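Following: one structure in structure tokens, then a few remarks.
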Amino acid sequence: MTSQRTRNRLVQRLREAGIKNEEVLDVIAQTPRHLFVDEALAHRAYEDTALPIGNGQTISQPYTVARMTEILLAAGPLNRVLEIGTGSGYQTAVLSPLVGKLFSVERIEPLHQRARQRLQQLNYRNVTLKLSDGTWGWPEHGLYDGILAAAAPEDVPDSLLQQLADGGRLIMPVGTQEQKLVLITRHGEHFSRKTLESVRFVPFLPGVQR
């Protein structure tokens with residue numbers, strides 16, 4: 001169930017669902033999603049569905065990972081990217097080959113530690129991880145050409161907007177009861193906002209959980 005044929009079937013489903021960026025699809029075909037879920041769920045790794053990863057969190061549905069990555073990259077190559085919510089490290093692994101440098105923060109220590117171990121074992125060299133409250137982003141490494149968040153706040157934190165480079169793109173789910181995927185693009189001191197589609201993510205919570 002973890003064969004290349006199984007991965008290719010997932011990619012075909014994503015293509016049929018509307019994912020058009022072939023670079024993104026190629027990376028998903030090569031990324032061993034079964035290594036980012038618990039062994040007991042490995043047989044379901046290439047289904048297009050979210051799966052639990054412990055600590056009340058999930059690994060995102062492959063369609064959602066592909067869609068957010070495609071939107072983030074739609075305006076051209078990105079050198080410095082910030083990811084909020086490392087989780088299992090799967091979205092990190094998909095982004096890594098497509099960007100220059102990737103900085104990722106996670107607030108739950110066991111997830112942070114497991115993701116670090118996995119990504120090191122798989123030799124993702126352009127990724128830097130930090131245990132931190134995602135609300136603050138990671139200003140030391142900004143400004144970022146792209147920011148992607150895998151948890152939903154009530155609205156986009158201003159601290160993240162300020163870490164976006166001019167021309168940079170931020171994509172994240174927003175809302176509590178009803179969540180929408182939102183794309184924000186920075187134009188100097190002005191931020192344009194586009195609401196895209198309904199999504200379902202875990203809530204964006206403050207604080208580090210050890």
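Since the model is a prediction, treat every value here as computed from it, not as a measurement. The chain is numbered in sequence order, starting from 1.
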Are side-chain heavy atoms of [X] and [Y] found at a separation under 4.5 Å?
X: D38; Y: I53; result: no
X: R118; Y: F36; result: yes
X: L98; Y: E23; result: yes
X: I84; Y: L160; result: yes
X: R15; Y: L25; result: yes
X: I184; Y: S192; result: no
X: M68; Y: L181; result: yes
X: V81; Y: F103; result: no

Are the side chain of [X] and the backbone N or O of [Y] linked by a donor-acceptor pair below 3.5 Å?
X: Y144; Y: P139; result: no
X: S3; Y: T6; result: yes
X: D133; Y: T135; result: yes
X: E70; Y: N21; result: yes

Stepwise side-chain contact (heavy atoms from CB on, under 4.5 Å) check, V182 with K194: CA-CA 6 Å; V182 168; K194 184 177 182 181; over 6 Å; no
By side chain to side chain contact (heavy atoms under 4.5 Å, CB included) - contacts of Q117 (at least two apart): Q121
Residues in side chain to side chain contact (heavy atoms under 4.5 Å, CB included) contact with L143, at least two apart in sequence or another chain: A165
With [X], which residues qualify under salt bridge (charged side-chain N to carboxylate O under 4.0 Å, His left out), at least two apart?
X: R186; answer: E189
X: R193; answer: D155
X: E197; answer: R67

Taking all atoms of both residues into account, what is the closest heavy-atom pair of [X] and [Y], and its distance?
X: E106; Y: G85; result: OE1-C, 3.6 Å
X: L82; Y: G137; result: CD2-CA, 3.9 Å
X: A151; Y: P173; result: O-CG, 3.5 Å
X: L111; Y: G54; result: CD2-O, 4.3 Å
X: A45; Y: L51; result: CA-CD1, 4.2 Å
X: G146; Y: L72; result: CA-CD1, 4.0 Å

Could you measure the distance from the [atom1] atom of [X] to the [atom2] atom of [Y]? Nearest 0.5 Å is fine.
X: L164; Y: S159; atom1: CG; atom2: OG; answer: 12.0 Å
X: T31; Y: H34; atom1: OG1; atom2: NE2; answer: 11.0 Å
X: I28; Y: Y63; atom1: CD1; atom2: OH; answer: 11.0 Å
X: L102; Y: N79; atom1: CG; atom2: CG; answer: 11.5 Å
X: R125; Y: L119; atom1: CZ; atom2: CG; answer: 13.0 Å
X: L170; Y: L183; atom1: CG; atom2: CG; answer: 8.0 Å

Contact list for residues 139-151, test salt bridge (Lys or Arg N to Asp or Glu O under 4.0 Å), sequence neighbours left out: K130-E140
Selection residues 45-58 - residue pairs positive for salt bridge (Lys or Arg N to Asp or Glu O under 4.0 Å), sequence neighbours left out: R44-E47
Results of side-chain hydrogen bond (donor to acceptor under 3.5 Å, both in side chains) for Q120 - residues two or more places apart only: none
Test side-chain hydrogen bond (donor to acceptor under 3.5 Å, both in side chains) applied to R33 - qualifying residues, sequence neighbours left out: none
Residue pairs involving residues 164-177 (criterion side-chain hydrogen bond (donor to acceptor under 3.5 Å, both in side chains); sequence neighbours excluded): none
All pairs passing side-chain hydrogen bond (donor to acceptor under 3.5 Å, both in side chains) where residues 88-100 contributes a residue, at least two apart: T69-Q91, E83-T92, S96-N126
side-chain contact (heavy atoms from CB on, under 4.5 Å) between Q57 and I108, intermediate numbers included: CA-CA 10 Å; Q57 305 297 299; I108 300 174; 3.6 Å; yes
Donor on one side chain, acceptor on other, D26 and Q30, under 3.5 Å: no
Verify same cluster id: L41, L10 (apolar side-chain graph, 4.5 Å): yes
L196 reachable from L73 in the ILVMFWY side-chain graph, under 4.5 Å edges: yes
Give the table of side-chain donor-acceptor pairs shorter than 3.5 Å for residues 198-206, with sequence neighbours excluded, one pair per line with atom names and distance.
residue: S198; atom: OG; partner: K180; partner atom: NZ; Å: 2.8

Within 6.0 Å of CD in E154, more than 12 heavy atoms from elsewhere: no
Among R114, E109, R116, side-chain hydrogen bond (donor to acceptor under 3.5 Å, both in side chains) partner for H112: R116
